Amino acid sequence: MHIQRRPFFYGWYFRCQSETDTIAVIPAVHISGEKSSSSIQILTERGVWNMEFPISEFKLSRKQMKMQIEKNCFSEKGIRLDIERAGIKIKGRLDFGPFAKPAFDIMGPFCCIPGMECRHSVYSMEHSVNGTIQIQGKDIRFSDARGYMEGDSGTSFPETYVWTQHFFRDGSLVFAAADIPILGVHFKGTIGIVRQKDKECRFATYLGASVVKMGENVLKIRQGRKTVLIRLREKEGSMLHAPCSGKMTRKICEYPSCQADYIFFCGKKKEKEILAARAAVEYEVKKEA
């Protein structure tokens, strides 16, 4: 693979959840003028682990959807982890069922705009997960559990953003909003999918959606007569590394499993409310906007 030297990052995000446990696995490559490396971050309800690897240990086939970092392999078929270094021992395998892919690119026409700071992809809204990951001698088991996969690439994460993902009884959802710089101007953009019983409802800036409110504990999006209000209830999260000009020097806050309310309106009428006890939330909000 040809390695470019301009600031760049490319990473995948796997979230797996059983009735008792949640794990997020984030393999990535990050390139800057000063340093190039790859990494694997693992987040559970018990802790977070961040391992850095030489760029020479990174292999990627976008066409085949396969990534390898040292002995660790990632694909739409599953994950294999084999890490033993500096007092950290993480091993195991998770097998995935068929992906429930979005109807089309989550970025819509924005996927064709050159020079975007961050491009977002959703590869699977839901798939089955089976297997075991052992972290520091403790097993995390998944039997007919649920999984989600997305990815990001570009130079940096947005300066201000809110993201959340949740599996509910007969479906899954993901919403995000961010301050987006393009050609010297900034605007608040949003994307979101609610998938229920194989049907997809999408919110997006390119469909006329607007961000009404975005803060650490709230996200409100309006699209035509539809409104979704998301209230986030947790106070403390885990700190993950995130890209800034290709370097993993930024810290962001993620809750792997927390309380959140998703309330959907048509006009003033409440159509649906999802009360989540174990949603995923990630944000970087300097002030309410």
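Here the structure is a predicted model, which is why all the values come from computation and not from measurement.
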All side chain to side chain donor-acceptor pair (under 3.5 Å) counterparts of [X], not counting sequence neighbours:
X	value
Glu126	Arg146
Arg141	Asp139
Tyr262	Thr164
Gln136	none

Distance alone, cut at 3.5 Å: any donor-acceptor contact between the side chains of [X] and [Y]?
X	Y	result
Ser39	His30	yes
Trp163	Glu150	yes
Glu254	Tyr13	yes

Please tabulate, one pair per line, all N/O donor-acceptor pairs under 3.5 Å involving side-chain atoms of residues 91-116, not counting sequence neighbours.
unit_1 : atom_1 : unit_2 : atom_2 : d
Arg93  : NE     : Asp95  : OD1    : 2.9
Arg93  : NH2    : Asp95  : OD1    : 3.4
Asp105 : OD1    : Met107 : N      : 2.8

Contact check, side chains of [X] and [Y], non-hydrogen atoms, under 4.5 Å:
X	Y	result
Leu219	Arg231	no
Phe175	Ile193	no
Phe167	Arg15	yes
Arg85	Glu70	yes
Phe157	Phe9	yes
Thr227	Phe264	no
Phe187	Ile180	yes
Thr155	Phe8	no

My understanding is that only residues two or more places apart in sequence, or in another chain, count here; which of them pass side chain to side chain contact (heavy atoms under 4.5 Å, CB included) with Gln64?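 If we apply the side chain to side chain contact (heavy atoms under 4.5 Å, CB included) test to Gln64, skipping adjacent residues, the hits are Ser61, Lys66.
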Hey, is Glu45 close enough to Arg278 for a salt bridge, meaning N to O under 4.0 Å?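 Yes, charged N to carboxylate O under 4.0 Å.
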Is it true that Glu271 and Lys269 have a side-chain N and a carboxylate O under 4.0 angstrom from each other?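 Result for this pair is no, no salt bridge flagged.
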Inter-residue atom distance Met65.CE - Ser75.OG, 0.5 Å rounding: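 One gets 8.0 Å once the value is rounded to the nearest 0.5 Å.
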Name of the residue among Glu282, Lys213, Met214 meeting side chain to side chain contact (heavy atoms under 4.5 Å, CB included) with Val162: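 The residue from Glu282, Lys213, Met214 that satisfies side chain to side chain contact (heavy atoms under 4.5 Å, CB included) with Val162 turns out to be Met214.
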Any donor-acceptor pair under 3.5 Å linking the side chain of Asn72 with the backbone of Asp82?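 Confirmed, Asn72 side chain pairs with Asp82 backbone.
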Looking at Gln223 and Ala204, would you say the former's side chain and the latter's main chain have a donor-acceptor pair under 3.5 Å?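 At least one qualifying donor-acceptor pair exists.
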Classify the angle between the aromatic ring planes of Tyr283 and Tyr255 as parallel (below 30°), tilted (30 to 60°) or perpendicular (above 60°).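 Rings of Tyr283 and Tyr255: tilted, 30 to 60°.
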Before giving the answer on side chain to side chain donor-acceptor pair (under 3.5 Å), spell out for Ser156 and Glu117 the whole-Å C-alpha distance, their side-chain angles and the decisive distance to 0.1 Å. CA-CA 6 Å; Ser156 304; Glu117 181 182 53; 4.6 Å; no
Which atoms form the tightest heavy-atom contact between Pro181 and His186, and what is the distance?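 That would be CB-CE1, 3.5 Å.
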Could you see if Leu275 belongs to whatever hydrophobic cluster contains Leu232? Use Ile, Leu, Val, Met, Phe, Trp, Tyr and a side-chain cutoff under 4.5 Å.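 No, it is not one cluster - the side chains of Leu275 and Leu232 are not joined through contacts under 4.5 Å.
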More than 12 non-hydrogen atoms from neighbouring residues, nucleotides or ligands closer than 6.0 Å to CZ on Arg119, yes or no?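 Above 12, so yes.
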Step by step, would you call Phe53 with Phe58 a ring-ring contact (aromatic ring centres under 6.0 Å, His included)? CA-CA 8 Å; Phe53 299 85; Phe58 177 82; over 10 Å; no
